[in-house]
Amino acid sequence: MNTGFDDIPFFDEEPAPRKPAIGKSDGKVDMDAARPVDAPGTMGIAARAIAARDQARAPDYLSGLNPEQREAVETLDGPVLVLAGAGTGKTRVLTTRIAHVLATNRAFPSQILAVTFTNKAAREMKERIGVLVGGAVEGMPWLGTFHSIGVKLLRRHAELVGLSSDFTILDTDDVVRLIKQIIQAEGLDDKRWPAKQFAAMIDGWKNKGLDPSQIPEGDARAFANGRGRELYAAYQNRLKSLNACDFGDLLLHPIRMFRANPDVLRDYHQRFRYILVDEYQDTNTAQYMWLRLLAQRPSSKNAEGKTVNGTVNICCVGDDDQSIYGWRGAEVDNILRFEKDFPGAKVIKLERNYRSTEHILGAAGHLIAHNEGRLGKTLFTDRVDPNDEKVVVHAAWDSEEEARAVGEEIEQLQRNQHLLNDMAILVRASFQMREFEDRFVTLGINYRVIGGPRFYERLEIRDAMAYFRVVCQAADDLAFERIVNTPKRGLGDTTIRNLHDYARARNIPMLQAASDIVLTDELKPKARKSLLDVVADFSRWQDMLDNTPHTELAEKILDESGYTAMWQNDKSAEAPGRLDNLKELIRSMESFESLRGFLEHVSLVMDVEQNENMDAISIMTLHSAKGLEFETVFLPGWEEGLFPHQRALDESGRAGLEEERRLAYVGITRAKRRCHLWFVSNRRIHGLWQSTLPSRFLDELPPAHVEVAEAESSYGGYGRGGGYGQSRFDKQEPFQNNYSTPGWKRAQANKTDATRENWGSRSGHAVERIGYGESGPRGKTIDGQLVAKSTASEPSKFAVGDRVFHIKFGNGNVSAVEGNKLTIDFDRAGQKRVLDGFVERA
DNA sequence: CCTGGAGCAGTTTTT
DNA sequence: CTGCTCCAGG
């Protein structure tokens, strides 16, 4: 896999322009003229005949594409924007397009630049191209994230921006610590001017592509009594002297480098014959500038003296309706402006959806139509089934009941042989997850939380990595400072400050300073001895770097430094888990060639794959759900203030509301067959109960595709809080909601009664009702069929009295076993019921 | 150097 | 009501 520094020769030979073996050579598609792109499903007869003819002749990889997809694949010349709605085969287009370029010998694999946002997307794309073109994908060094490609460029040309090619990449944590140092060094109060906040500001500036000299005066004034600009500059200087980059620099340095070195840029212009960009709606200004530099070539005269289009064959794929990252710098405007930016651009809309039912598409489409400033797409599907369930809106009293009712629906689906793997709960904010987790633990429903704290962000992993970093890169002061006294070696603040000053005064790395200072009398004997040991350790490990297998060395480092022992001696509940993580870390190094290669990988790839083996429902935020799909999707928490989130409204007004609406759109369009929306009347926010109003987005759904769930058995019903029906917001909306469906009317009529009933039935909640059967059928597809398929049928491998460990609750003793559900007396957390899958033998 | 309690904030997330 | 950070006191 990743071997660290890349060793791909800069230029390989140019491919001789050969006539493609199959297909057309001019890249023009005959059907273009015949079919207006904005009329879905309508195609002239002649065009259909041509399509059919081409289909018959087309190479394998093109078969099965619909006409729009095919056009997007075959329009290879000039700028192309593919507006790919949710579930319209976006990735397929992207990968097939690359396969097509390769199969027709238009470019070598190394001449294609394909950019994604996440490592996951890059990985998937690589896999899928591999399926189409086999090993050729291995020759695509320029397929990756913006950042990983940025690193590759920088390693080559580091000296052009004043770095050396072995620069280190700092993550957010390092950055914050560094900024804190700077703030303190400037004599500022780091309480009043938090490093975190300033790090966020710098991040924002870098997203916009701004140097310290370019930031707006207002921004510069906003921090540290007007010293923002100065601090930003100081930070950049510090990075340079550390030979380090933050994530933003991975984009900005290449931009600077290209601007200052037109000859280098020209080389890359020659190299990249085709540029492809995934999720274009998520690009920020810096990424846009980066792409522009690479894509926009100087216009030139051709043989006949005509001016030739100066733009490379760039293809951007995205969906303005799924732009949900404005808050971290993404500019929807980039995609909205595409045709202006790239004159003569071809815009192809993919609107044929292969994922969802007509009701789901209808609901999502009607909702998103409330946004202004869209490029405008309407998803449709051919596969219409009268048995398809409408989108269902449920009301619950409070979040506890919401979780309980969702739990019952899940069990009902399970009894009808649906897999948990096909279901997901998508929440707006992660605090919503907890209630579901609690409920699922009680019910014995396996679940998996997607997102959350990531492996490489864990304390122990970062510590271990810091050791490795110092061994590989003795000048990595941030890493050195992190672990110089971890485990505790009696090297306190005073010693560290001493060391720090010594190093700064002589302008040498701290490790170097340490090995010098121990020869002097500057430190107390105790500290001196400790530091001497540390220096000796590192020098020994550095010597072993080139002649010891890296996993072995890594283990040695952790053992000899006393780091492993530190956790072994730790009695806290999380210590065993941390040791496991360290083992996992070593294991994951095996697939790399060297410690260095591993570090490079980890600095860019912060995620680690989840265990997909067990059948479990996924719980995640709407943001992390983008790009995924599930048979059944539950969307809880559709209440004003939570969704749309109050802060989005307060901070970004109309734009914020529209982004929230896009988030709702993303949520609904994750569902293939069933989509259930929930709102509650009471939610506990920051510890206190507040009554809430249903989300305005519910009012924006089309009645024809939506049904309101019947009040559910003993505790269902509609809370007070009221106006569920008429749109109370956006009064000037072009849409008139008229809810005339029976279910909706009933809901309206029931509102007051249900409220009263609910108040009355509160006491019933004290008794937890775990069981099947009684709850009436909801929706159309799930009725009857009370097949007893207990989730708790497997005998547990644990027995009463076993000593077990739980990642969250720590150690405890099993006091009861019931199927796969255990009752455990935890040493610290008290008695809990837990699924046996979540514990292991202590 | 360690730890407990006060104090405070509290969407969304990738690289 | 949490969970985290930071400071002060042992």
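Only this structure's heavy atoms are used, side chains among them; waters, hydrogens and symmetry mates stay out. Keep in mind that what you see is a predicted model, and the values were worked out from it rather than measured. Naming convention: chains lettered A, B, ... in sequence-line order (proteins, then strands); numbering from 1 in each chain.
Separating the C1' atom of dG3(C) from that of dT14(B) is a span of 24 Å, rounded to the nearest Å. Comparing the same atom, C1', in dT5(C) and in dT12(B) gives a spacing of 23 Å after rounding to whole Å. Annotation: dC4(C) and dT11(B) have their P atoms spaced 14 Å apart (nearest Å).
Side-chain nitrogen and oxygen atoms of Ser430(A) include at least one within less than 4.0 Å of the OP1 or OP2 phosphate oxygen of dT12(B). Phosphate contact (OP1/OP2 of dT15(B), side-chain N/O of Asn119(A), threshold under 4.0 Å): present. For Ser624(A), a side-chain nitrogen or oxygen approaches OP1 or OP2 of dT13(B) to under 4.0 Å. Taking side-chain N and O atoms only, Thr621(A) has a distance below 4.0 Å to OP1 or OP2 of dT13(B).
Counting non-hydrogen atoms under 4.0 angstrom, Asn485(A) reaches the backbone sugars and phosphates but no base. Within 4.0 Å (heavy atoms only), Lys526(A) reaches no atom of the nucleic acid at all. Using a 4.0 Å heavy-atom cutoff across all strands shown, Gln432(A) reaches no nucleic acid atom at all. Counting any heavy atom pair closer than 4.0 Å across all strands shown, Gly248(A) reaches no nucleic acid atom. Residue Leu491(A) is in sugar-phosphate contact alone, with no base atom involved, counting any heavy-atom pair closer than 4.0 Å across all strands shown.
With distances taken from any side-chain atom of Glu651(A) to the nucleotides dT11(B), dT15(B), dC1(C), the minimum falls on dT11(B).
Along DNA chain B, the nucleotide nearest Phe117(A) and the nucleotide nearest Ala429(A) are compared for position; the residue whose nucleotide lies closer to the 5' end is Ala429(A).
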